[in-house]
Amino acid sequence: MAVYAAIVLAHRDVLCPYTPDSLWYTDVARFLARGDGLRCNITLASDPTPVPRPFYGWPPLYPVAGALFVRLGADPLFAMRMVSIAAFVALPIPLLALGTRLWGRLPAVAATLWVPLWPTMFSLSGQALSESLFLVLLAWTLAMVARDEQGAPHPARAGLLLGAAGLTRLAGALFVPALAVSLVRRRTGFRTRDAVIAVGMFMGTAGLWVARNSLATGAPSGFEEPAQAVRLAPIITACIQRVFWEMTSIGSLGLVVANQWKLAVPALAALTVVLRFHTTPGNRILLLWAAMYLVGISWLRTQGPFDSPSGGRTLAPTLMIVAFWLAGNLGAAALRSRRRVERILSGALLVMLLCGLLYGRLRDLMEVRSRAAPACQLVQCAMPGLALLEEMAGAGEAVLSNVAFKTAWCQDRPSVQLPIRPYSNLVLNPRVVRSLARFHGARFMYLEETSVRGTHGHDPLVFSLLRGDSVPGLRPVLVDRTGALFELTEPLG
């Protein structure tokens, strides 16, 4: 746990620990702490629900945990980050329990120390996001399943823990088939009862949230997303490439292995057979869970407007499981194999990959520390446009914005997120802007020049206004290098 805490501290004053999603979670936690329930100031331009609206989009466990700290007097944004850090620092506990049951104590320690050195895990360690809480609950679930493999079944606990993970991130539902398969097929024969109990516990927790969303909005996630014309195989390929890049992550070497993954997969399979990783029953469970999740999340990416086919945050569960599986098996083979060549090969690979991961993370820190300390633009509220908006807008008055999460956080006011590609098919034009303004009772539009979304994804009208182009019905109130504030007038369009 001390090593994990040190990794968190290594990010201090180096990287902005907040993302747009962090502010979204924080807004929900702030409403919860006030006793106003699951509500959110931030809505989508394509969402016809008035703001502030009931919160349907994401499961509630993470903002609920943050709200508890807010009620104790913590700053809402700081509270969300503390929940994430606490979960990350607690992650070694279930990993050690899982690894000890699979390989023994020393290999378990080696595997646990390896996990946070993978790039995605390293970067998530101090960020105010729900992944850390999700991963610690997932690791506890795996520990319960691995214990069942050794003859001490805990299907109810496994189902409950996975249900809690599903209440943190909806992706937890992708592990339900793996949970059922792991519990049905045992060394003592088929145990259908255990699988039914585990799945039932999951449905009694996370399943209730999905049912609530489906009844309230018609979609399990709270809003419909159009299917994409993307085939499944290329997305799985991109995800596997990401896994292999994370496994090496030593600059150009990582890219070479990722690009040659079709050769690396059989090489890793051969290594598994030669070093007899497959002889440990729990190893099959780990690989089953990692593979089923990878295929499931890849399929989901064909159903919704995801902008990155191999995003590290989304793949974090597979990355954690694969890292843990590889390090634990190499450590066990190096310590316990009866064949000298196996011990030498396993030990050499373990040391080589560990050195590569350490070097990669050291270089990451040196690179960011060599730059001037970056200001966290995401949470900076002292901007001329925002200050003027606060002065001109009435209390609780809604605002249209390309950074709605920021206006909601800085001003605690209802904010309507203008279309972001590829998350929305809505195309802005003066008529649509007028319709949005009337529906939400908004008189102002705030656009930030240096958007955290980057230079892609925004509607052309947003870029046109930031360039200084004139649009009928939008009166510029203030335009500077940080952004622009417009007042909506009639007629618009």
Side-chain angles (χ1 to χ4, degrees), residues 1 3-11 14-15 17 84-85 87-92 94-96 98-99 107-127 129-136 138-139 142 169 171 238-259 261 264-265 268 271 277 283 286-287 289-291 293-294 297 308 310-331 349-368:
M1 294 178 69
V3 172
Y4 278 61
I7 288 175
V8 173
L9 293 175
H11 289 84
V14 174
L15 301 174
S84 301
I85 290 176
F88 181 80
V89 173
L91 183 57
L95 288 180
L96 282 171
L98 172 61
V109 171
T112 301
L113 292 178
W114 193 339
V115 164
L117 296 176
W118 279 39
T120 292
M121 302 295 295
F122 189 77
S123 63
L124 286 175
S125 63
Q127 290 191 323
L129 293 168
S130 61
E131 275 77 10
S132 293
L133 183 58
F134 178 67
L135 293 175
V136 75
L138 175 62
L142 281 166
R169 294 188 63 81
C239 291
I240 293 176
Q241 287 179 318
R242 175 68 183 231
V243 172
F244 277 102
W245 174 77
E246 295 257 355
M247 283 175 60
T248 51
S249 61
I250 315 171
S252 59
L253 176 59
L255 294 177
V256 170
V257 175
N259 290 330
W261 68 272
V265 167
L268 189 60
L271 181 69
F277 294 169
N283 281 329
L286 292 181
L287 290 180
W289 283 56
Y293 177 81
L294 185 146
I297 203 67
S308 172
S310 61
R313 282 176 53 199
T314 306
L315 271 182
T318 289
L319 296 173
M320 180 187 76
I321 293 172
V322 171
F324 191 72
W325 167 83
L326 184 59
N329 280 293
L330 287 175
L349 285 173
L350 186 64
V351 172
M352 181 184 72
L353 290 174
L354 177 61
C355 290
L357 288 170
L358 286 170
Y359 170 71
R361 303 298 73 74
L362 178 62
R363 194 177 64 175
D364 291 342
L365 289 176
M366 291 176 62
E367 182 180 348
V368 294

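Everything quoted here is computed from the prediction, not taken from an experiment. Starting from 1, each residue takes its place in the sequence as its number.
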When every non-hydrogen atom of Phe134 is compared with those of Ala171, the smallest separation belongs to CZ-C, 4.2 Å
For the CG atom of Leu91 and the OG atom of Ser125, what is their distance to the nearest 0.5 Å? 11.0 Å
Might you work through the side chain to side chain contact (heavy atoms under 4.5 Å, CB included) test for Leu330 and Trp114, ending with a clear yes or no? CA-CA 11 Å; Leu330 287 175; Trp114 193 339; 4.1 Å; yes
Can you give me the closest heavy-atom contact between Phe88 and Tyr4, atom names plus distance? O-CD2, 3.3 Å
From CE (Met121) to CZ (Arg313), nearest 0.5 Å: 13.0 Å
Output for pair (Met320 CE, Leu315 CG), nearest 0.5 Å, gives 12.5 Å
Distance col, row Leu287:CG vs Leu294:CG, nearest 0.5 angstrom, shows 12.0 Å
Separation between CG of Leu135 and CG of Leu95, rounded to the nearest 0.5 Å: 9.0 Å
Taking Thr318 for the side chain and Ala290 for the main chain, is one N or O donor matched with an acceptor at less than 3.5 Å? yes
Side chain to side chain contact (heavy atoms under 4.5 Å, CB included) partners for Leu358, two or more places apart: Leu117, Leu354
Asp364 side, atom CG; Phe122 side, atom CZ - distance, nearest 0.5 Å: 6.5 Å
Could you check whether any side-chain N or O of Glu246 sits under 3.5 Å from a backbone N or O of Thr120, counting only pairs where one atom can act as donor and the other as acceptor? yes
Using every non-hydrogen atom in the two residues, find where Ala110 and Ala327 come nearest and quote the distance to one decimal. O-CB, 4.3 Å
Before you tell me yes or no, could you show the steps for Tyr293 and Thr314 under side chain to side chain contact (heavy atoms under 4.5 Å, CB included), namely the whole-Å CA-CA distance, both residues' side-chain angles and the distance that decides it to 0.1 Å? CA-CA 10 Å; Tyr293 177 81; Thr314 306; 4.2 Å; yes
Taking the side chain as C-beta and beyond, is there a heavy-atom pair between Val351 and Cys355 under 4.5 Å? yes
Do you know which two heavy atoms are closest between Pro17 and Gly126, and how far apart they sit? CB-O, 3.5 Å
What is the minimum heavy-atom distance between Ile7 and Pro116, and which atoms define it? CD1-CB, 3.4 Å
Side chains of Gln127 and Ser84: donor-acceptor distance under 3.5 Å anywhere? no
Any non-hydrogen side-chain atom of Leu326 less than 4.5 Å from a side-chain atom of Leu353? yes
For Ser123, side chain to side chain contact (heavy atoms under 4.5 Å, CB included) partners two or more places apart: none
According to side chain to side chain contact (heavy atoms under 4.5 Å, CB included), who are the partners of Leu96, at least two apart in sequence or on a separate chain? Ala108, Val109, Thr112
Show your reasoning for whether side chain to side chain contact (heavy atoms under 4.5 Å, CB included) applies to Phe324 and Leu142. CA-CA 12 Å; Phe324 191 72; Leu142 281 166; over 6 Å; no
Please name the pair of heavy atoms, one in Ala5 and one in Val89, separated by the smallest distance, quoted to 0.1 Å. CA-CG2, 4.1 Å
